[in-house]
Amino acid sequence: RKEVEQDPGPFNVPEGATVAFNCTYSNSASQSFFWYRQDCRKEPKLLMSVYSSGNEDGRFTAQLNRASQYISLLIRDSKLSDSATYLCVAREGGKLIFGQGTELSVKP
Amino acid sequence: ETGVTQTPRHLVMGMTNKKSLKCEQHLGHNAMYWYKQSAKKPLELMFVYNFKEQTENNSVPSRFSPECPNSSHLFLHLHTLQPEDSALYLCASSPRWTENTEAFFGQGTRLTVV
């Protein structure tokens, strides 16, 4: 079983749509979680941290369910510029473990 | 600009060559990482350093040899690589080794082994 698992997609959505990504992690001792964004042939960049209480940053909302070992990312009012691969990340001590990534393509 | 700089950005090397990748961070972070990203695969953690001390070697073949002379610099020495080692090699740093902090990435070195 993969340590951090995501649906690779691609998710093809029209501009203005709401899209949700899910991620599961296998190690219950994982301490913290993040969503990164990676554009084609570029380095991953932090999108947001994920807190147990849920957190929102503009059009982006992240949720964590420790009981189910599940993380989600919701993007509202999708923009063309949101097209990228979204990486789910779990920290296990000194290691940051990445999921495969979910590809999002927002169309006009 | 993330404060993590990698050189070179692109590298083509033969299987008998020896080359080194360099990473430098200007963020005052204590932990540094090497990751490998192959096409359609998750980022694979290779090595972790905390204050110059290696804390993680994720079963990486010995043809990859890391070096961390200080907490700001990290090298990856390459020798007798195989074509399947062609990938994007990413360096990252984070403020503390085990605290709940994110990592910041360099732009990567795209390596092609011929």
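- Heavy atoms closer than 4.5 Å to chain B are found nowhere in A:E92, neither backbone nor side chain.
- Of all the heavy atoms in A:S78 and A:V13, the pair that sits closest is OG-CG2, 4.1 Å.
- Neither the backbone nor the side chain of B:A31 comes within less than 4.5 Å of any heavy atom of chain A.
- Of the atoms belonging to B:R110, it is side-chain heavy atoms, and not backbone ones, that fall under 4.5 Å from chain A.
- The minimum heavy-atom distance between B:H29 and B:S94, with the atom names listed, is CB-O, 3.1 Å.
- Proximity to chain B (any heavy atom under 4.5 Å) is shown, for A:F33, by neither the backbone nor the side chain.
- One finds a salt bridge joining A:E56 and A:R76 here, because a Lys/Arg side-chain nitrogen approaches an Asp/Glu carboxylate oxygen to under 4.0 Å.
- Interface remark: B:Q37 contributes side-chain atoms only to the contact with chain A (heavy atom separation under 4.5 Å).
- Both the backbone and the side chain of B:E102 come within contact range of chain A, each with at least one heavy atom under 4.5 Å from a heavy atom of that chain.
- Using a 4.5 Å cut-off between heavy atoms, B:L90 touches chain A through its side chain atoms alone.
- Enclosure of atom OH in A:Y70 by more than 12 non-hydrogen atoms of other residues, nucleotides or ligands within 6.0 angstrom is indicated.
- Residue contact with chain B, scored on non-hydrogen atoms closer than 4.5 Å, involves the side chain of A:L46 exclusively.
- A salt bridge is absent between A:D39 and A:R41; no separation between the charged side-chain nitrogens and carboxylate oxygens falls under 4.0 Å.
- B:F75 and B:W34 are members of different hydrophobic clusters when ILVMFWY side chains are connected at heavy-atom separations under 4.5 Å.
- By number of non-hydrogen pairs under 4.5 angstrom with chain B, the leading residue of A:K95, A:E103, A:K42 is A:K95.
- The aromatic ring centres of B:H77 and B:F64 sit 6.0 Å or more apart.
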